[in-house]
Chemist: 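Structure in structure tokens, see below.
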Amino acid sequence: MSDKIFVCAAWPYTNGYLHLGHLAGCYMAADIFARYHRLKGDRVLMVSGSDQHGTPVTLRAEEEGVSPQVIVDRFRASQLEVWERLGITFDLFTTTGTENHKQTVQDIFLKLLDKGLIYKANTTQLYDAEAKRFLPDRYVEGACPFCGNPKARGDQCDNCGKPMDPLELKNPRSRLSGSAPVPRESEHFFLKLSALQDPLLQWVRKRTHWRPNVLNFTTHYLEEGLHDRAITRDITWGVPIPLPGYEDKRIYVWFEACIGYLSAAKEWAQREGQPDAWKEFWGDPSCKSYYFLGKDNIPFHTIIWPGMLIGYGQGLNLPYDVPANEYMNLGGGKFSKSEHRAVWVPDYLERYDPDPLRYYIAANMPETGDTEFSWQEFVRRNNDELVATYGNLAHRVLSFIGRNFGAKVPQPGPLTTEDDAMLKKVDEAMAAVARELSACHFREALRHIMALAQESNRYLDAQAPWRTRRENPERAAASLYVTMCAIAGLKTLAYPFLPFSAQKLHGLLGFSGDVASAGWTAQRPTPGTPLPEPQALFTKLDDSVVEAEEQRMVGV
């Protein structure tokens with residue numbers, strides 16, 4: 001019986017190009033997970049979109065002297081191109097600028113207001129006297145009151161992960177003028193998080209399947225006590241407040257963006273010509289929703305968004321799992337668009353194939369702790385693992401068959417206990433990888449795949465068909481056929497991680513159509529099937545790549 005799986009990936013700001021940190025934080029994991037579940041026949045919906053209303057967008061626009069929409073259009077186009085070229089398979093990658101999103105946000109706002117979970121109050125905000133304007137959260141920087149990080153933002157500290165109010169910053173300074181802002185009063189709307197603390201804590205304590213870092217962080221934050229937070233700001237870029245008299249204020253991005261998961265599902269349903277289809281992913285209790293994001297977004301997805309859903313009270317599903325990743329760092333520090341400290345994905349894709357990057361990120365995915373990107377390790381993994389272990393296995397088998405068996409899948413004779421043992425290992429790998437991927441353990445799943453590739457190489461070397469070909473061609477044919485079966489299993493196992501090379505290998509093994517059409521099964525080639533001319537799956541990289549790429553990196 002198939003399952004219903006709703007895959008949500010964090011919404012990237014449209015203020016700059018995507019870098020490898022973004023991929024490692026959530027997008028690669030989300031795509032691997034969605035591809036796997038589609039392959040096994042589950043009903044999957046994977047959504048995200050461009051977050052166009054955040055202050056990072058307006059900051060970039062002001063720096064360049066253009067409208068925010070110019071920034072949005074430029075970087076959204078780049079995001080869409082990256083997803084296509086890298087093979088990230090969103091069912092819908094929309095934007096927070098749609099009318100559908102605005103209506104969904106305003107509906108939730110009004111219902112929470114009607115229930116008393118949103119209220120008006122005067123609040124003190126920071127005001128830049130030189131720029132003559134109130135400062136949204138990210139327009140303010142200062143020292144974190146919790147950990148002392150001197151570069152904390154007014155909405156959150158990237159070092160300790162705690163959300164905050166700009167007024168809590170020590171030694172605050174305006175990012176517009178560099179001056180010290182002054183406190184001033186302004187009327188705003190607040191989300192009554194304090195009223196949602198108890199139901200949230202009861203719910204979170206039952207999430208024992210969550211990753212320990214996510215569960216511990218969330219539980220600790222809730223046990224400290226929730227405070228009401230302003231959800232509107234004195235800005236004119238964003239979703240309007242659906243009440244008269246607030247034309248110069250907007251619903252703030254941290255309240256609005258998570259609603260995008262719901263609005264995106266509704267938009268997808270409309271596009272499919274089935275306006276109510278979104279309800280099977282939001283209203284069916286059997287549907288499991290997974291939220292993929294970086295650790296800096298944990299509280300917004302495990303506390304604030306579930307709290308909003310509880311308060312909204314329309315029977316919508318709360319997150320089943322929030323498999324947040326830690327950071328993939330660069331040169332000892334985190335990737336940063338604002339500091340231009342990154343390996344930009346568009347630049348990478350101009351020079352290299354997508355699958356080696358997908359492989360590297362999956363093999364080094366920061367699931368339980370921070371990891372480090374290095375070009376030296378990237379080249380090593382490409383050459384030693386993809387080329388030498390996996391790609392070479394397929395190429396030497398198919399080349400040997402092409403030369404000695406008429407370029408057709410060999411007809412095996414009776415199988416030996418060694419043959420049966422090899423085929424059993426393929427089935428065991430299928431079960432192990434399925435188990436790990438279902439639990440969002442991507443590195444461990446990939447480890448099983450490469451272990452099967454290594455075992456297949458050992459089996460081939462032990463059987464040595466290049467020696468048995470003359471004195472016992474039937475035995476040579478059988479061992480080559482079994483190895484082809486193992487390679488066919490590998491291309492299915494690798495497909496969620498390496499979709500482009502898996503499709504290529506699918507054809508090289510004599511199969512037709514889309515690699516995903518066969519489903520989550522270890523296909524066996526049909527004896528006698530003609531095989532095309534063998535091709536290398538991966539390209540070996542010269543060691544000079546390391547020095548060349550390190551010189552390209554800015555700020556490291």
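The first residue of the sequence shown is numbered 1, and numbering continues consecutively from there. The figures that follow rest on heavy atoms only: side chains count, while hydrogens, waters and symmetry mates do not.
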Chemist: Would you confirm whether Gln52, through its side chain, and Thr95, through its main-chain N or O, come within 3.5 Å as a donor-acceptor pair?
Modeler: no

Chemist: Taking the ring centre of each residue, are Trp11 and Tyr13 less than 6.0 Å apart?
Modeler: no

Chemist: Rounded to the nearest 0.5 Å, what separation is found between the CD atom of Gln125 and the CG atom of Asp137?
Modeler: 8.0 Å

Chemist: Would you check, one step at a time, whether the test salt bridge (charged side-chain N to carboxylate O under 4.0 Å, His left out) holds for Arg351 with Asp347?
Modeler: CA-CA 7 Å; Arg351 295 188 287 276; Asp347 289 347; 5.2 Å; no

Chemist: Under 3.5 Å, side-chain donor or acceptor atoms of residues 259-266 against the rest of the protein: list the pairs with distances, not counting sequence neighbours.
Modeler:
unit_1	atom_1	unit_2	atom_2	d
Tyr261	OH	His301	NE2	2.7
Ser263	OG	His101	ND1	2.8
Ser263	OG	Gly260	O	3.3

Chemist: More than 12 foreign heavy atoms under 6.0 Å from NZ of Lys288: is that the case here?
Modeler: no

Chemist: Output all residues satisfying side chain to side chain donor-acceptor pair (under 3.5 Å) with Asn100, sequence neighbours left out; order by chain, then residue number.
Modeler: none

Chemist: If I compare all heavy atoms of Thr55 with all of Arg138, which pair ends up nearest, and what's the gap?
Modeler: OG1-CB, 2.9 Å

Chemist: Is the count of non-hydrogen atoms from other residues, nucleotides or ligands lying under 6.0 Å from Asp514 atom CG greater than 12?
Modeler: yes

Chemist: Step by step, would you call Glu141 with Lys151 a salt bridge (charged side-chain N to carboxylate O under 4.0 Å, His left out)?
Modeler: CA-CA 6 Å; Glu141 289 183 341; Lys151 292 186 177 181; over 6 Å; no

Chemist: Do Tyr320 and His209 have ring centroids that are under 6.0 Å from one another?
Modeler: yes

Chemist: Is atom CD of Gln69 surrounded by more than 12 heavy atoms (other residues, nucleotides or ligands) closer than 6.0 Å?
Modeler: yes

Chemist: What are the two closest heavy atoms between Ala152 and Ala143, and how far apart are they?
Modeler: CB-C, 4.4 Å

Chemist: Between Tyr139 and Thr58, is there a side-chain donor-acceptor contact under 3.5 Å, judged purely by atom types and distance?
Modeler: yes

Chemist: Per the ring-ring contact (aromatic ring centres under 6.0 Å, His included) rule, which among Trp83, Phe292, Phe33 passes with Tyr27?
Modeler: Trp83

Chemist: Can you see whether Arg38 engages Thr89 through a side-chain donor-acceptor pair at a distance of less than 3.5 angstrom?
Modeler: yes

Chemist: Is Glu372 atom CD crowded by more than 12 heavy atoms from other residues, nucleotides or ligands, each under 6.0 Å away?
Modeler: yes

Chemist: Could you label the plane-to-plane angle of the Phe373 and Trp375 rings as parallel, tilted or perpendicular, counting under 30° as parallel and over 60° as perpendicular?
Modeler: perpendicular

Chemist: Please state whether the rings of Phe281 and Phe6 are parallel, tilted or perpendicular, taking 30° and 60° as the class boundaries.
Modeler: tilted

Chemist: Less than 6.0 angstrom separating the ring centers of Tyr17 and Phe75, yes or no?
Modeler: yes

Chemist: Salt bridge or not for Glu62 and Arg133, using N-O below 4.0 Å?
Modeler: yes

Chemist: Under 6.0 Å from the CD atom of Gln376, do we count more than 12 heavy atoms belonging to anything else shown?
Modeler: no

Chemist: Against the six-membered ring of Tyr327, is Lys295 placed for a cation-pi contact (under 6.0 Å from the centre, within 45° of the normal)?
Modeler: yes

Chemist: Just checking, Arg233 and Phe134: is the charged tip under 6.0 Å from the six-membered ring centre and within 45° of the axis?
Modeler: no

Chemist: Over all heavy atoms of both residues, which pair between His53 and Trp237 is shortest? Give the atoms and the distance, please.
Modeler: CA-NE1, 3.5 Å

Chemist: Please test Glu436 against Arg447 for salt bridge (charged side-chain N to carboxylate O under 4.0 Å, His left out), starting from the C-alpha separation and ending with a verdict.
Modeler: CA-CA 10 Å; Glu436 300 297 347; Arg447 189 187 67 79; over 6 Å; no

Chemist: If only atom types and distance count, is the side chain of Asp165 paired as donor or acceptor with the main-chain N or O of Leu167 below 3.5 Å?
Modeler: yes

Chemist: Mark yes or no for whether Arg60, through its side chain, and Ile71, through its backbone, hold a donor-acceptor pair below 3.5 Å.
Modeler: no

Chemist: Can you see which heavy atom on Ser50 is nearest to which on Thr14, and at what distance?
Modeler: CB-CG2, 3.3 Å

Chemist: Do Arg74 and Glu64 make a side-chain contact, defined as non-hydrogen atoms from C-beta onward lying under 4.5 Å apart?
Modeler: yes

Chemist: Establish, from distance only, whether the side-chain atoms of Asp355 and Ser501 form a donor-acceptor pair under 3.5 Å.
Modeler: yes

Chemist: Donor-acceptor pairs are to be reported for all side-chain atoms of residues 536-546 against protein atoms at under 3.5 Å, with residues two or more places apart or in another chain.
Modeler:
unit_1	atom_1	unit_2	atom_2	d
Asp542	OD2	Ser544	N	2.9
Asp542	OD2	Ser544	OG	2.8

Chemist: List the steps and the verdict of side chain to side chain donor-acceptor pair (under 3.5 Å) for Asn213 and Glu326.
Modeler: CA-CA 9 Å; Asn213 63 322; Glu326 304 286 311; 2.5 Å; yes

Chemist: Among side-chain atoms of Ser177 and Asp128, is any donor-acceptor pair under 3.5 angstrom?
Modeler: yes

Chemist: Locate the shortest heavy-atom distance separating Leu86 from Phe500; write the atom from each residue and the value.
Modeler: O-CE1, 3.6 Å

